[in-house]
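Here is the structure we will look at.
Proteins get letters first, then strands, A, B, ... in listed order; numbering begins at 1 in each.
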2 protein chains.
Amino acid sequence: MDGHGPVAAEAAGASKPYRKRKGEGHERREEILAAARSVFVAEGYEHATIRKIAAKAGVSSTALYLYFPDKDAILLEICDKAFGKLVARFEAIRNDGGTLVERLRRLMEAYLRFGLAHPDEYRLIFMTKQAIPMPFDHRTGADMPQGTPGANGAKAFAGLRDLVSALIQDGTLKGEDPNLMAEVIWASGHGLVSLLITMPTFHWSPVDQLIPAMIDAQLNGVLRKAG
Amino acid sequence: MDGHGPVAAEAAGASKPYRKRKGEGHERREEILAAARSVFVAEGYEHATIRKIAAKAGVSSTALYLYFPDKDAILLEICDKAFGKLVARFEAIRNDGGTLVERLRRLMEAYLRFGLAHPDEYRLIFMTKQAIPMPFDHRTGADMPQGTPGANGAKAFAGLRDLVSALIQDGTLKGEDPNLMAEVIWASGHGLVSLLITMPTFHWSPVDQLIPAMIDAQLNGVLRKAG
DNA sequence: CGCTAACCTGATCAATGATAACTTAAACGC
DNA sequence: GCGTTTAAGTTATCATTGATCAGGTTAGCG
């Protein structure tokens, strides 16, 4: 009992087929992802080991390598799916009512709250040395192949950048280069999220003061007249 | 030859004493720190293993545990020393000439450039899940015991906070709570540094545009009139 | 000399990510 | 039915990692 080996498929009673039918490996893949997800959110990145995930999925640890090249690929896929929700949220906000400035404000708040609500995913996507390839060239706008890990992270940035671009064009926002300004805005938001995640023991001001303070400071600093 | 064991003390020729005299263990401690530093900056945090450090120091891997409780303690001490330079820099800037606003601007730029110049140290202090204890209560101002790991990181923040406090008192800076405003300013700077470190493959605008853009945005957003 | 405490080592552990070689059963052709 | 192929999984095993343990050696003192 060393962590290897399959777990009795279904606790008690009749045994279910312990192996997928031919051509249905993708189901096992999904099961592994689900198991990985639960281990990952429960124990965090570092403690989500291959063996724990395998045990939870009811397969041997090696089975994971049939469906994923390595551990990072599994967790990255989970995180990228989580970011899919943020992208959807961004899309909704961009097509929302209200002025462009109001939308930018909501976008920033959505980003901050999302990061704080999913700290492990956020950390894996935006705070690990294993820099996500980011094969998406947001400068030329060339789309990256769908399904690429990190695609949703890049999409989210593109959403911000497009909104910033519109604000520059109608003269509301200072500066000329939408990429530069979007990078600055992103960085300031990222700074708050990542510091709060990394240093929970620091004596922070209440988050509900920090979030508007950060957004106000950025908007005031970046808009031609107070937002 | 498994990575254990002492390395021939001095490549060729007469052997030097392979053991420190009694009462001179602190020298060995310094040698280990120096070896750790060189491995750390050369190979980065993850690849700075106990065994590599020990080999470079010319002692067995076990010897490291005579002087440090664990691996993190070694690297943290190195990083904290590096941050000592930043603190000194901050102190110099705060006692500098120029207006308070000019000092704040220089402080921010110094922080950004320091982080980008020492990415591995920066990462270990401010970007690892192993949240530094931060036993320093910057709210009450109670000093933490000297030598505590992370002390210099906390000191640096205190330096920023005090400058912000002075700016609020003389009416130049918006807001009321110096801690809140300092946290916002810190976070925005940290965001830029950490993103640049984490995602080197992203198509960033040139750093020499990003740094002033970020500083201008923050200062404009946070000062009562444009800085 | 002989003792003691500081200094340092080799052997070893448990956990981790990953690979190689082998087994089992499902599907297909006949 | 019956063999063959091959997807699906397993067991055994590696190398590496941080860390501990029990012991050995030597400096320095009385």
[X] has an atom [atom1]; how far is it from atom [atom2] of [N], in whole Å?
{"X": "B:Phe68", "N": "D:dA19", "atom1": "CZ", "atom2": "C1'", "value": "16 Å"}
{"X": "A:Lys71", "N": "C:dT16", "atom1": "NZ", "atom2": "P", "value": "9 Å"}
{"X": "B:Glu27", "N": "C:dA6", "atom1": "CD", "atom2": "P", "value": "17 Å"}
{"X": "A:His26", "N": "D:dA8", "atom1": "NE2", "atom2": "C1'", "value": "13 Å"}
{"X": "A:Leu64", "N": "D:dA8", "atom1": "CG", "atom2": "P", "value": "14 Å"}
{"X": "A:His47", "N": "C:dG17", "atom1": "NE2", "atom2": "C1'", "value": "15 Å"}
{"X": "A:Ile53", "N": "C:dG17", "atom1": "CD1", "atom2": "C1'", "value": "11 Å"}
{"X": "A:Glu46", "N": "C:dA15", "atom1": "CD", "atom2": "P", "value": "17 Å"}

Exercise. Over all heavy atoms of both residues, which pair between B:Ser188 and A:Met214 is shortest? Give the atoms and the distance, please.
Key: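 That would be N-CE, 3.7 Å.
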Quiz item: Do you know which two heavy atoms are closest between B:Ser205 and B:Leu210, and how far apart they sit?
Solution: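 So the two residues come closest at O-CD1, 3.3 Å.
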Quiz item: Does B:Arg28 put a side-chain nitrogen or oxygen below 4.0 Å from OP1 or OP2 of C:dC7?
Solution: no
Quiz prompt | N or O in side chain of A:Tyr65 less than 4.0 angstrom from D:dG9 OP1/OP2 | solution =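 No, A:Tyr65 has no side-chain N/O under 4.0 Å of OP1/OP2 on D:dG9.
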Quiz item: Mind checking what makes side chain to side chain donor-acceptor pair (under 3.5 Å) contact with A:Ser38, not counting sequence neighbours?
Solution: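 Side chain to side chain donor-acceptor pair (under 3.5 Å) check on A:Ser38 returns nothing, list empty.
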Quiz item: NA contact type, B:Leu66, heavy-atom cut-off 4.0 Å: base, sugar-phosphate, or nothing?
Solution: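 Base, at least one base heavy atom under 4.0 Å.
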Practice problem: Compute both the distance and the angle, then confirm whether A:Lys155 meets the cation-pi test with A:Phe83: under 6.0 Å from the six-membered ring centre, within 45 degrees of the axis. | Solution: no
Exercise. Name the closest nucleotide to the B:Tyr67 side chain, picking from D:dT10, C:dG10, C:dC7.
Key: C:dC7
Quiz item: Any side-chain heavy atom of A:Thr198 sitting closer than 4.5 Å to one from A:Met127?
Solution: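 The answer is yes, as the side chains (C-beta and beyond) meet within the 4.5 Å cut-off.
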Quiz prompt | hbond_proxy B:Thr49 side chain to D:dT16 base (donor-acceptor, 3.5 Å cutoff) | solution =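 No, the side chain and the base share no sub-3.5 Å donor-acceptor pair.
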Self-check item: Any donor-acceptor N/O pair under 3.5 Å between D:dG18 base and B:Arg51 side chain
Solution: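 By the distance-only test, yes, there is a pair.
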Quiz prompt | Earlier contact from the 5' end, DNA chain C, for B:Thr62 and A:Pro69 | solution =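 It is B:Thr62, whose closest nucleotide lies nearer the 5' terminus.
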